[in-house]
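Some notes on the structure that comes next.
When reading the values below, keep in mind they use all heavy atoms of this one structure, side chains included, and skip hydrogens, waters and symmetry mates.
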Amino acid sequence: MKTTVLRKNFIILICISLFLLVSCKKDYLERTPSDFISVDEVFNNINNAEAFLNNAYNTLPNFQEFTDYGGRYNLGGGTDEMRFHGYNARTPYDFNNGNWNAVSFPMQQKWADFYGTIRRLNMFLANFNSIPEEVNSGSSSERKKRMEGEAYGLRAYYYFQLFKMWGGVPIVDELLDPNSGEEFLLKRNTEEEVIAFIKSDIAKAVAILPEKHEDDSNYGRVTANGCRALLSEVSLFFASPLWNQASDNTRWQVAAKDAKEALDLAISSGHILSKGTVSGKQGYERIFLEMTNSEVIWARQDPGGTESHLLDFYNGTQGTNGWYANGVLQEMVDSYEMTNGEIAVLGYDENNNQIINPAANYNPNNPYANRDPRFYQSVIFPFSGWKGNTMDIRPGGKEDISNGVVRANYWVKKYTLESHNLYTGSGNAPRRFTIFRVAELYLNFAEAQNEAVGPDQSVYDAVNAIRSRVGMPNLPAGLSQAAMRSRIRNERKVELAFEGSRFWDVRRWKIAEIVDNGPVHRVVTDANLNFSYPVVQTRVFDKNKHYLFPIPQIEIDKNPNMVQNPGW
């Protein structure tokens, strides 16, 4: 990694108008956006240095991704969870129809966003020793240490996001000199080198950071528990088929160990599964509506509640003044088991008739009865109640509104606030987007342990802990490794629905060429409540190139050392 550290005569622009977790000196905040601030002025004051670091949180994932036109979309629209009801450029609609390339594709801006944030973190770390140990009359050594740990943890997180999208990417761990053109002609590091670098940064962060933050003023900052959860995910991805084509079992063993350690330490710190009913909301649903929840290990702040406010419109039903941009697919609904633990619908025939599992006790005339409780807490379905309305999708019904767009006729309930009146704005409340939570660690461990040694009791215990939390029956005994693999994958789909996990899971498992390739379905009904399931979209996934994003063409054009991903 050829790099040169810039010296303190380099002038930087500090954009501190965005998400700050702590306050800064008044004169610093009063600077106009066009002011330039020297490195000395930033890093010789701990408040200024922390404000500079805080901006590295701005590129964390949010409730939705952004389009080029200021719009938003749930990443689930790029897989079999959802249909994005829009046609903007660089949205899941491009993922769905295969209309993406190195010049224009969804999430293209992430390359520049993440490398820009990594540069900020590199600048912070390069100048870390200049930050004073004391401010005013009190010692700030613990605060300063915590800031250093956050910088390493955040850098690891952003490199992992780059890895998930592009695989081997250039590792830049110091500041590049903008006056030296050669230094910007970087080569891509191997996947193994990127993973090793990420794990190194995680180790540095864990050694410094507190296990968790007890006070709400620091809620949202990365912690040691957050970094261990990240390590669990990193190891899980690296062991998965997309990255482990040689089927190296030791990678699964490492992933199981990292997940178990992260889970045990999170639990010992008080991060436990959310259970019980509060204010009429059950434990699972409360995770996504409460500002603090025992299950959440790391969450993104939503200052002012702006993004959660808009999410209600994007998820909202048209009959309640919502925009209904995110529509749940029938394939997602079918993934929710019956309360007896059986999948009801096994697929669709050539005439789009349901292939029904006779063991499920499923009534096609009452298709939403007796489902996994997470279904009712995650999905608004036809003829259910929402905001005092009945979701009537019959011809002429209140939710039979197409506006020229074919709708899936299911809506996202998870994260959506029923009390928010989309006409008046009353009843709104901010929420926090969950990055890591305890349930995911249970599932990470179960998957890795099953692949490493088979479905032993610890695998059953981990999955059943998730299921029993919502009152679902334990998995049946005697499952084979392959059968357990299938159950764990479905459990992830249901438990982590609409949280941005499924898009990456089907890629690392190398099943996107199946689940994201071909017809997907919606639900309609006639005036007599006869349900049918026509195709809403036929999707395209090219296994020869779509598992990884293309390197943005602009990066290829300006750097002859940058090698494009296969197929692009």
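Under the 30°/60° scheme for interplanar angles, the aromatic rings of Tyr415 and Phe63 are found to stand perpendicular. The aromatic rings of His521 and Tyr348 lie parallel to each other, their planes meeting at an angle below 30°, with 60° marking the opposite boundary. Using cut-offs of 30° and 60° on the angle between ring planes, the pair Tyr324 and His85 is perpendicular. Ring geometry for Tyr368 against Phe381 counts as tilted: the plane angle lies between 30° and 60°, on a 0 to 90° scale. Ring geometry for Phe197 versus Tyr159: interplanar angle over 60°, hence perpendicular rather than tilted (30 to 60°). Note: Tyr284 and Phe288 have perpendicular aromatic rings, judged against thresholds of 30 and 60 degrees for the angle between ring planes.
The pair Glu211-Arg228 meets the salt-bridge criterion, with a side-chain N (NZ, NE, NH1 or NH2) lying under 4.0 Å from an Asp/Glu carboxylate O.
Remark: aromatic rings of Trp323 and Phe313 are close, center separation under 6.0 Å. In this structure, Phe237 has its ring center closer than 6.0 angstrom to the ring center of Phe160.
Phe433 does not carry Arg300 over the face of its six-membered ring by the limits of under 6.0 Å from the centre and within 45° of the normal.
Closest approach of Ser335 and Val494 over heavy atoms only: O-CG2, 3.4 Å.
Remark: Glu499 CD to Ile287 CD1 distance equals 7.5 Å, nearest 0.5 Å. Phe541 contributes atom CZ, which lies 7.0 Å from atom NE2 of His546 (distance to the nearest 0.5 angstrom).
Counting only residues at least two apart or in different chains, salt bridge (charged side-chain N to carboxylate O under 4.0 Å, His left out) contacts with residues 462-473 comprise Glu295-Arg469, Glu337-Arg467, Arg467-Glu491, Arg469-Glu495.
Arg485 meets the salt bridge (charged side-chain N to carboxylate O under 4.0 Å, His left out) test with Glu451; sequence neighbours excluded. In this structure, the salt bridge (charged side-chain N to carboxylate O under 4.0 Å, His left out) partners of Lys493, at least two apart in sequence or on a different chain, are Asp80.
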Problem set entry | side-chain contact (heavy atoms from CB on, under 4.5 Å) evaluation trace for Gln354 with Tyr362 | CA-CA 11 Å; Gln354 292 182 329; Tyr362 169 72; 3.1 Å; yes

